[in-house]
Amino acid sequence: MDESRGAATPGWRQRLLRGGLAAFTGLAVLATSSCWASEDAGPAATPHATLTATPTRSPALPEPTGRHPVGTTSLHLKDTSRKDPWVRAATVRELMVSLWYPATSPAGQRAPYMTPTESDLVLKHAKITTVPPDALSTTRTNAFHDATPAGETRSLPLVVLSPGFTNPRSTLTALAEDLASNGYVVAAVEHTYESVATTFPDGRVTTCVACQEPNKDETFWKKLVRGRATDIAFVLDQLTGPQPMWNGSRLIDPSGIAMAGHSIGGASSIDAMLGDPRVRAGINFDGETEDTIPDSGLPRPFLFLGREYGHRPGDQERSWERTWEGLTGWKRWLVVAGTQHGSFTDLVLLGDQLGIMRSSQMPGARSMEITRAYTRAFFDQHLRNQPQPLLERPSASYPEVRFCSAQTKTCT
């Protein structure tokens with residue numbers, strides 16, 4: 001948890017700063033720590049974490065829901081047109097990107113979730129000492145490393161994922177695997193020096209330099225959001241341009257590109273859409289937003305999906321209401337009762353399995369089921385033109401999900 005923010009930092013930006021691995025921190029933080037506030041979980045949460053015995057089995061991601069086997073690979077990309085925004089000595093912007101995609105067969109080895117070194121850094125940053133340092137690296141995934149891509153030329157929509165501040169891209173793996181099994185190419189971007197652990201092919205491991213910035217004020221957050229939008233545009237160039245960096249790029253439908261992100265990654269999806277017309281639709285998972293939409297509005301589809309506590313219309317955190325007015329295309333505002341900030345990622349899911357849990361919260365398996373279902377529905381509707389009743393009204397299958405109205409300031 002980064003303690004460098006000052007008392008003058010607005011409350012919603014404090015929550016955005018907490019929004020990365022602090023979501024995991026909140027599962028295991030000691031009662032004496034001031035890093036975690038109950039507002040992230042809502043009034044039903046208990047004030048302290050509950051620690052249980054460490055399980056003997058390794059954690060596992062839920063199986064994907066689609067019919068396709070899933071392959072995965074990583075790309076090391078270098079943007080020579082710009083310097084790194086966080087490290088002056090870095091004369092190029094280096095990025096690691098994980099790809100998930102439909103595969104011809106479930107052949108080869110399952111891909112690792114993260115390296116033991118990354119697991120150690122993640123857990124240390126979250127101040128979790130009740131599990132072995134390599135615990136996260138033992139997580140069982142469902143994707144096969146470098147499996148042969150499957151599909152017709154230009155037949156697969158592309159979804160770009162951006163993680164929360166301090167989070168590695170791996171924390172969005174369960175969602176990515178599910179989308180890939182349902183016929184999407186998924187690219188999760190590691191925003192270098194904004195994550196606590198990024199491993200490059202030559203063995204280098206970079207950490208969160210941005211965390212050390214002394215003043216996390218409005219200028220800092222705008223720099224972060226705009227930098228991520230630039231990262232996304234560069235990745236799209238590398239995947240869909242004339243000289244693509246992935247041998248499966250021919251499968252990508254360049255007219256079917258969208259973005260989703262968690263926390264600051266979700267906020268960045270709006271800037272990415274504003275700056276790049278290739279991004280046709282976007283999802284924000286529980287991220288407070290900046291006021292960046294021009295008066296002309298953003299006419300492309302957008303979905304808010306987040307916690308009920310703090311994100312209902314009329315609540316103290318008003319950024320979604322301000323942004324809502326600028327969204328002039330198809331839009332939905334959904335909140336999920338019983339969730340916390342990390343519920344829309346792998347964090348709560350893995351925390352449950354590792355024996356680190358927070359009372360009175362929705363189980364991570366259920367919150368991931370909901371996140372997957374509504375994400376699939378949104379992209380199927382807006383990238384494949386398949387109408388989805390799930391997005392039109394409350395569902396008996398998911399009674400925790402409530403549709404919000406900015407006009408009436410209610411959620412039903």
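When a residue number appears, it is its place in the shown sequence, counting from 1. Please read all numbers here as calculations on a predicted model, not as lab measurements.
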* To do: Please check if any side-chain donor atom of Glu118 sits under 3.5 Å from a side-chain acceptor atom of Thr199, or the reverse.
  => yes
* **Check: Pro102 and Leu156 side chains under 4.5 Å, non-hydrogen atoms** => yes
* **CA sep, side-chain torsions, deciding dist, call: Thr410, Arg312, side chain to side chain donor-acceptor pair (under 3.5 Å)** => CA-CA 7 Å; Thr410 59; Arg312 294 166 299 197; over 6 Å; no
* **Electrostatic pair Arg307:Asp286 at N-O distance under 4.0 angstrom** => yes
* Please identify each residue that fulfils side chain to side chain contact (heavy atoms under 4.5 Å, CB included) with Ala60, with sequence neighbours left out. => Arg140, Gln353
* Asked: What distance do Trp320 atom CH2 and Asn284 atom CG have between them, rounded to the nearest 0.5 Å?
  -> 5.5 Å
* Electrostatic pair Arg372-Glu369, nearest N-O below 4.0 angstrom -> no
* **Flag side-chain contact, heavy atom, 4.5 Å: His76 against Glu94** => yes
* **Centroid separation Trp324 to Phe302 less than 6.0 Å** => no
* **Centroid separation Tyr398 to Tyr374 less than 6.0 Å** => yes
* Using salt bridge (Lys or Arg N to Asp or Glu O under 4.0 Å) as the criterion, list what pairs up with Glu194, not counting sequence neighbours. => Arg93, Arg228
* Asked: Is there a side-chain contact between Ile283 and Phe379 (heavy atoms, below 4.5 Å)?
  -> yes
* Any donor-acceptor N or O pair under 3.5 Å, side chains Asp253, Tyr184 -> no
* Structure fact -> Here the gap from Ser170 atom OG to Met114 atom CE, rounded to the nearest 0.5 Å, amounts to 3.0 Å
* **Test side chain to side chain donor-acceptor pair (under 3.5 Å) applied to His341 and Ser263, step by step** => CA-CA 8 Å; His341 191 60; Ser263 196; 3.0 Å; yes
* Does a side-chain N-to-carboxylate-O contact under 4.0 Å join Lys223 and Asp217? -> no
* To do: Heavy atoms only: give me the nearest Asp346-Ala174 pair and the separation to one decimal.
  => OD1-CB, 3.1 Å
* Asked: So Phe220 and Trp86, would you call those rings parallel, tilted or perpendicular, with 30° and 60° as cut-offs?
  -> tilted
* Asked: Using 4.0 Å as the upper bound for N to carboxylate O, is an ion pair formed by Asp380 and Arg384?
  -> yes
* Does any donor atom in the side chain of Glu177 or Asn142 lie under 3.5 Å from an acceptor atom in the other side chain? -> yes
* Going by atom types alone, do Glu190 and Ser195 pair a side-chain donor with an acceptor below 3.5 Å? -> yes
* Asked: Taking all non-hydrogen atoms of both residues, which atom of Glu317 and which atom of Gly310 are closest, and how far apart?
  -> CB-O, 3.5 Å
* Taking every non-hydrogen atom, the tightest pair across Pro133 and Ser119 -> O-OG, 2.7 Å
* Asked: Take atom CZ in Arg88; do more than 12 heavy atoms of anything else shown fall under 6.0 Å from it?
  -> no
Enumerate, atom names and distances included, each donor-acceptor pair closer than 3.5 Å involving a side-chain atom of residues 271-282, sequence neighbours excluded.
unit_1: Asp271; atom_1: OD1; unit_2: Thr292; atom_2: OG1; d: 3.0
unit_1: Asp276; atom_1: OD1; unit_2: Arg278; atom_2: N; d: 3.0
unit_1: Asp276; atom_1: OD1; unit_2: Arg278; atom_2: NE; d: 2.9
unit_1: Asp276; atom_1: OD2; unit_2: Arg278; atom_2: NE; d: 3.1
unit_1: Asp276; atom_1: OD2; unit_2: Arg278; atom_2: NH2; d: 2.7
unit_1: Arg278; atom_1: NH1; unit_2: Asp237; atom_2: OD1; d: 2.9
unit_1: Arg278; atom_1: NH2; unit_2: Ala233; atom_2: O; d: 3.2
unit_1: Arg278; atom_1: NH2; unit_2: Asp237; atom_2: OD1; d: 3.1
unit_1: Arg280; atom_1: NH1; unit_2: Ser255; atom_2: O; d: 2.7
unit_1: Arg280; atom_1: NH2; unit_2: His382; atom_2: O; d: 3.0

* To do: Determine, using ring centers only, whether Phe304 and His311 are less than 6.0 Å apart.
  => no
* Check the pair Arg226 / Asp231 against salt bridge (Lys or Arg N to Asp or Glu O under 4.0 Å), numbers first and verdict last. => CA-CA 9 Å; Arg226 291 169 182 169; Asp231 286 346; over 6 Å; no
* Asked: Can you tell me how far CE of Met368 sits from CZ of Phe344, rounded to the nearest 0.5 angstrom?
  -> 9.5 Å
* Asked: In Å, rounded to the nearest 0.5 Å, how long is the span from CG of Asp120 to CG of Asp134?
  -> 8.5 Å
* Salt-bridge test for Lys222 and Glu290: reply yes if a basic N is under 4.0 Å from a carboxylate O, no otherwise. => no
* To do: Supply the atom-to-atom distance Arg318 CZ to Thr289 OG1, rounded to the nearest 0.5 angstrom.
  => 12.0 Å
* To do: Rounded to the nearest 0.5 Å, what's the gap from CD on Glu400 to CZ on Arg366? Could you check?
  => 4.0 Å
* Do His262 and Ser162 meet the criterion of a side-chain donor-acceptor pair at a distance under 3.5 Å? -> no
